[in-house]
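This is the structure I want to talk about, given as structure tokens.
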Amino acid sequence: MRIVVAMRQLADLVEELEVDDSGTDIDREFVKFVANEFDESALEEALLIKEGVGADQVEVVAVALDEPDVDQTLYTALAKGADKAVKLAGVPEGWVSSHTRASAIAKWLESQQWDLVITGVQAADDLDGQVAGLLGRMLGVPHVAVVVSAVPEGNVVKVSQELGGGTVAEEEVAMPAVLGVQAARQSPRYAPITRIRQAMQAGGLSEETVEVSGDGGRPTVRRLYAPEKSGQAEMLTGSAADVADKIIELIRAKGLVKS
Amino acid sequence: MTLDPTLALVETRKVFAGEGTVAQAVFYGLSVLTIATFFTGIVLRVRKYGRGRPAREGRWMRPSHREDVPEVTTKPSFAKGFWTVATNRTISRDQPSVGMAHLLVFWGFLGLFAATTILSLDYDILGNVSPLLVGHTVSFFHGPFYLAYNAVFNLAGVIAILGTAHLMGRRASHKEPRLDYTRAFKPEEGYSRKRFMQGDWLFLWLLMALFVTGFLIQGLRIDEAHFPGFERWTWMGYLTGLGWNAVGVGPHLAAHVHPWLWWFHILMALAFVAYVPFSKANHMIASPANLVVNDPANTRRLPSPPSGHPGYTSLADFTPKELLGLDACTKCGRCHYVCPARTAGAPLSPRDLILDLRQWVNRQEHIPVVLDQEERPAATGPLAANGSTAVAGDVIAPLTLWSCTTCMACVEVCPVGIEHVPSIIQMRRKLVDEGTMDATLQSALQNIAQQGNSMGKSARMRARWTKGLDFTIPDARKEPVEYLWFVGDFASFDDRLQGLSRTLAGILHHAGISFGLLYEDERNSGNDVRRVGEEGLFEMLVEHNLAALAKADFQTIITTDPHTYNTLRNEYPSYGLDKPVRHYSEVLTDLVLSGRLPIKPLGGHVTYHDPCYLGRYNRVLDAPRALIEGLGCELVEMPRNRTGSFCCGAGGGRIWMDDSFLEERPSENRMKEAVALGVDTFVVACPKDFAMFSDAVKTTGNEGKMTVVDIVQLVDRALDRDRLPSLQAAQAAPEPTA
Amino acid sequence: MANDVLVVAERSGGQLTDITYELLGKAKELAGAAGGRAAVALIADSSGVDSLGAADVVYTVEGPGLEGYSPEAFEKALGAVVDAADPRLVLMGTSTLGLDLGGSLSVSWGAPLASYVIGLDTEGSDIVATSQLYGGKLLAEAVIDGPKAVCTVIGGSFPADAGRAGGSPEVVQVDAPAGLSELKARFSALREPDRSGVDITTADLLVSVGRGIGSQDNLELVEELAGALNAPLSASRPIIDQGWLPKPHQVGKSGQKVKPKVYLCFGISGAPEHLEGMRNADTIIACNTDENAPIFDVAHYGTTTDLFDLVPELVERLGS
Ligand SMILES: Cc1cc2nc3c(=O)[nH]c(=O)nc-3n(C[C@H](O)[C@H](O)[C@H](O)COP(=O)(O)OP(=O)(O)OC[C@H]3O[C@@H](n4cnc5c(N)ncnc54)[C@H](O)[C@@H]3O)c2cc1C
Ligand code: SF4
Ligand code: SF4
């Protein structure tokens, strides 16, 4: 069984993000890029499958587009137990749309044997949709989003999908399939730096080229900006009853109060 | 026969108590057997040490090259080791009466050992060899030599008895919690340590019986000889003889009893010699040896992991020195008693850790042990004989290893120079490699790897705390400064501590000190990362920080955090740092005592908490005290102070781990100690301490009664601002000498 | 028809959820401006049409394989509805359903997609979607100028009331698409959340309490509120230290890191260790009688009303 884990780099959300001169993208010059946290959960789920089924029967391949600091992410994947890591070159730089991302991976997968593609359910900048859904459709295979557990059994993979409010749907999905992972069965393991460095020294990163272009699928972004934010809390005043009214209104506006 | 010191009490001319040649043959036969057993034991032990890592890698003795920091990592010397052994000073340090008793037994025993050696040289060696060489038996065992010999070694015997009696009394009185062998980590399957007690008693009784029967035999002999006058020199034996007489054993009867008692004594003595390397008595050999090879720098500057893999997995990973240390432990319980983890109810006792490892190692090496062992219903933990059992995780439970705050109190207090902390870290390294750790610790490590700080805040925000200052702190990467201030994570990012950093910055600025920062280039120094066992991350941080420091032009580093201070001062030099490192409390002390900061005395009573990494680790003990007094405060010491200070519980990465399993946090224990003094101000000199103890004031319900104050706040309060500007004008004045 | 706006309805426990009405309200506004109709797609279950009076037309589709929930079956069914309705814009929630169907519809229908939408406006013939990116740190304004598009909208972005109206819209039954009987992804079971083992890290709403609560007896008060809001109760460390709540409820450095949509806290001062665990919540509402409490530095909304006055008021309102 061969599992492909599609990973990607993302601007570190801990950083203060700034908008570049074009006004439509973040300033990529100084920002630090880290692995998308959902992709790390995807990798974890793949490794758990590998451990569950048997290390010699499952091959886990981490794949990512060539983006800033992606080597770090791929070597970390190897250090954690992935069997192979592939870096895909040939993709335009900058803010790659999810459609482009998905078609690059779909193209590369044509040359591969695979049973399961696992990726993060979303990424903080995937304005034009989530890679798992796009990829599933492009490949013509079933896909499931918001997966919280995936356990293969014969030719199917038993998937738990979170529907919201904690309700979970269980599904049996015939492989090949694409899964968008929200959370793995356990939180992503730690990769000791020594192991990452060893992986780097061993240099098990292969680089392949796929040709894709365009940002098809993403509507034209005409402005990217930071929402106005007051440094201090907005104080709710008035009687306890008034304040209670306002709080309930706030929670209701988030769609979190029934009725 | 050279090894039984108590034989010296026995004979003069008729060494064999009048026994014939058959007996003599039997005696020699048994002696040979005994010596063979003794040396087999020694060989087994030494072979065991040889199972460890090759000497060079594991620093069996001492690394050849080191950069010395006075007092802390000075070259250990064999001479100092021998002095420690000879004076028993590490035993009496915290328990003078025990130390004295042990010193009596130690020297008494050595004296008797010397006596036996002399006797044996004369009789067994010279007596047998001389006829072959010169044709007749030569002996120096007569005349004044004989008299002096008896007088001196009688004294040795008497002090040995007194010392042993004291130690027995101490045990029998049951008032010594340190000698209660209750484990900190309670194995599920149960355990019994009765044999530990039995082993201790066996040892003590054997000694006592040997010493006493020795005198009894001497008494019989003198009685039998009708109390010749010269035997008065054998004063204790003479008195014993008089005693025999008094209870009705006259010369005739004495001649009958003498051989029986003699044989009893001899057999017991031989048995004792054979028993030494297989029992508690082994400490007579291993402990001094360990003291002599002890290296105080080891804990301050942690050893590297074994080459090839990241942490201890098996016996072969331990250094011979560590294995020797395991044998050296006397179960004295000092470390158990002072350990903050144990005090807090964590499943860690450094003593148990050492004893578990020892038992596990001895099992694997099939070294028989007389009593002195723990028993468990199942062959688990230290009883797992299988060498493939994971030492980190199975033999020593993960939570046990994670409980250590690396406060070093155990290393400090251990009378036989055992270094618990490096071994604990080596085992933690294995746990880190496997990912066996708290989720909170994991996220702290991930944050440090990604953002360079444990809080996971943006590295670029590191110097944001300087925003509120009315002056700009120079960027040491852009302009030369005298002092490079390595601020540290907590002082930079913690909302509560940023104010303290600004206060310190203000004081340094107003004192006209030239200082700068690395700004966003600074990263966590890695002291605690290393102590967590994440060596790779530590090295990464060292590389980054050294590269950043290389960009800066400065003379001396100042740190806020004592942990940072330790690693920069003691560990970074091995990676190439060659600048002196000072703690801000030292710098403030200089500024105040030199008069450079004008002070209006504060008054009031305060107590001071020595941070482990400042006091115990780096011996910065007097500077903060001088400062507090220089500010006009009266310092009231807590019972546990200076190098005996009690850890706040944050060290060794514990601040990133769950502490909900503790019965009482160490910081709370400490706070109660301070509150009992009746003072209302608790002075700290460490950002982590400030956080930990401010919290402890609340959790122990002492709000309003006790205030936690950083030493820099104290300086700030005492600062005579009216006199400051004049000083600023005179900035041309030379810097205070460091 | 070319200017219609189609809303994909969502259900929970058989009932249409708020997001459906929120989207419908918006759909009505957008379609009205462009001279089109507001349409709703009811997949699998055709009930509830009476509550969709705000819609001009409701498309229903039923068939085998649509019971329970299979993303594949829903994808096929939605495809059939879109073919039949031929709308300008398809709206769905950024929910599991939206994450399942949005991308695949974008590919199969050949339409651009905008996710995480919190605002939709018309500008001439264009529609401008405002999306929340980078965890809400930035907003993106995207222009939808083509003939068709898909948007997935974050719940709570639009008022639901605008979409709530009784009535009897036109109902169009769409034939079940082919292939529903030979699905590769089959639904097998629904599992309701296990309420005993609370996981405060996955909750959308948390009611959190600190030392300001004073005593264990008072805890009942906030428990009642949490119950009324159907939210788990979390706490600062002192509450856990006292043993008033078990350890898994602790938020902070040495507890859990949480990121709910709303973090509603009472009597928590906001120590750095606590903030470390919750500062990334979308909206923080803090109640603390001390106006200088550091919690107000990270809270979005705050009140200095005494919690003992405020909580009963809240409970009362939610109870009725
Ligand atoms: C190493 C370490 C780890 C820690 N980890 C954590 C952690 O994981 N999580 C955590 O929470 N803490 C942690 N702490 C403890 C933390 O420092 C604080 O002590 C703790 O968060 C304080 O909790 P609190 O806000 O509930 O209490 P307090 O700080 O005592 O605050 C109580 C607040 O309630 C307000 N109040 C009182 N009465 C009322 C009323 N009637 N109505 C409204 N408001 C009222 C008061 O104004 C006050 O601000 C840790 C501390 C350390 C040292
Ligand atoms: S270093 Fe401190 S906490 Fe660790 S074992 Fe020794 S005494 Fe205990
Ligand atoms: S390790 Fe040292 S201090 Fe601890 S019990 Fe053994 S001898 Fe005593």
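Letters A, B, ... are given to chains in the order of the sequence lines, protein chains preceding strands, and every chain is numbered from 1.
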Most heavy-atom pairs under 4.5 Å with chain C, out of A:V121, A:V141, A:L134, A:V221, belong to A:L134
Who wins among A:V131, A:L135, A:L17 for the most heavy-atom pairs under 4.5 Å with chain C? A:L17
Need one label for A:Q161: side chain, backbone, both or neither, based on atoms under 4.5 Å from any heavy atom in chain C. side chain
In terms of heavy-atom pairs under 4.5 Å, which option from C:S188, C:C151, C:A286 contacts chain A the most? C:S188
The single option from A:E44, A:M7, A:Q122 passing side chain to side chain contact (heavy atoms under 4.5 Å, CB included) against A:D39: A:M7
Answer with side chain, backbone, both or neither: which region of A:E18 has an atom nearer than 4.5 Å to a non-hydrogen atom of chain C? neither
Taking side-chain hydrogen bond (donor to acceptor under 3.5 Å, both in side chains) as the criterion, tell me which of A:R28, A:R8, A:R101 meets it with A:E67. A:R101
Heavy-atom distances under 4.5 Å only: say whether C:Y301 touches chain A with side chain, backbone, both or neither. both
Under 4.5 Å, counting heavy-atom pairs only, tell me which of C:T305, C:L99, C:D306, C:L97 racks up the most with chain A. C:L99
With a 4.5 angstrom heavy-atom cut-off, which part of C:T283 approaches chain A: side chain, backbone, both or neither? side chain
Got a sec, which residues hit salt bridge (charged side-chain N to carboxylate O under 4.0 Å, His left out) with A:D245, two or more places apart in sequence or on another chain? C:R317
Search all heavy atoms of A:L127 against all heavy atoms of C:S131 and return the closest pair with its distance. CD1-OG, 3.3 Å
All side-chain hydrogen bond (donor to acceptor under 3.5 Å, both in side chains) counterparts of A:D69, not counting sequence neighbours: none
Using non-hydrogen atoms and a 4.5 Å limit, figure out which bit of C:L183 sits close to chain A: side chain, backbone, both or neither. neither
Give, as side chain, backbone, both or neither, the part of C:E75 having an atom under 4.5 angstrom from any heavy atom of chain A. side chain
For the interface with chain A, which of C:G102, C:S108, C:G155, C:A114 has the highest count of heavy-atom pairs at distances below 4.5 Å? C:S108
Using a cut-off of under 4.5 Å for heavy-atom pairs, which of C:V311, C:L205, C:N280, C:T152 has the most such pairs with chain A? C:L205
For the candidates A:A244, A:A177, A:G133, A:P142, which exhibits the highest count of non-hydrogen atom pairs separated by less than 4.5 Å from chain C? A:A244
Mind checking the OG-CD spacing from C:S106 to A:Q130? Nearest 0.5 Å is all I need. 10.5 Å
What residue, out of C:V262, C:I144, C:D145, C:L105, has the most heavy-atom pairs lying under 4.5 Å from chain A? C:V262
Go through C:R164 and C:D18 one step at a time and tell me if the salt bridge (charged side-chain N to carboxylate O under 4.0 Å, His left out) criterion holds. CA-CA 9 Å; C:R164 252 187 250 278; C:D18 280 357; 3.0 Å; yes
In Å, rounded to the nearest 0.5 Å, how long is the span from CD of A:Q186 to CG of A:L48? 4.5 Å
Report the option among A:V19, A:V173, A:V144 that has the most heavy-atom pairs separated by less than 4.5 Å from atoms of chain C. A:V173
For each of A:A169, A:A253, A:A241, tally heavy-atom pairs with chain C at distances under 4.5 Å, and name the one with the top tally. A:A241
Greatest number of non-hydrogen atom pairs under 4.5 angstrom with chain A, of C:A142, C:S115, C:A111, C:S70, falls to C:S115
Could you tell me which portion of A:V14 (side chain, backbone, both or neither) has an atom closer than 4.5 angstrom to a non-hydrogen atom of chain C? backbone
Just so I know, are the side chains of C:L307 and C:T289 near enough to count as touching, which here means a heavy-atom distance under 4.5 Å? no
Which pair of heavy atoms, one from C:S208 and one from C:Y263, lies closest together, and at what distance? OG-OH, 2.7 Å
Interatomic distance, C:I19 atom CD1 to C:S12 atom OG [nearest 0.5 angstrom]: 13.0 Å
Tell me whether A:S41 contacts the main-chain N or O of A:V181 through its side chain, where contact means a donor paired with an acceptor under 3.5 Å. no
Considering only heavy atoms, which portion of A:A132 lies under 4.5 Å from any heavy atom of chain C: side chain, backbone, both, or neither? neither
In terms of heavy-atom pairs under 4.5 Å with chain C, the winner among A:E170, A:K246, A:E171 is A:E170
Could you tell me which portion of A:I26 (side chain, backbone, both or neither) has an atom closer than 4.5 angstrom to a non-hydrogen atom of chain C? side chain
Straight-line distance of A:L250 CG to C:L264 CG, nearest 0.5 Å: 9.5 Å
Looking at C:S51 and C:Y21, what are the two nearest heavy atoms and their distance? OG-OH, 2.8 Å
One should read off an interatomic distance between A:L224 CG and C:L138 CG, to the nearest 0.5 angstrom, of 5.0 Å
Results of side-chain hydrogen bond (donor to acceptor under 3.5 Å, both in side chains) for A:T73 - residues two or more places apart only: A:Q9
Nearest-0.5 Å distance that lies between atom CD1 in A:I247 and atom CG in A:L236: 6.0 Å
Okay, A:S98 and chain C: the region with an atom under 4.5 Å from a heavy atom over there is neither
Test item: C:S157 side-chain N/O and C:G119 main-chain N/O as donor-acceptor pair under 3.5 Å: no
Which residues from residues 146-157 of chain A are near chain C, with near meaning under 4.5 Å between non-hydrogen atoms? A:V146
Can you say whether C:T130 sits under 4.5 Å from chain A via the side chain, the backbone, both, or neither, judging by heavy atoms? side chain
Region of C:V117 in contact with chain A, defined by heavy-atom distances below 4.5 Å: neither
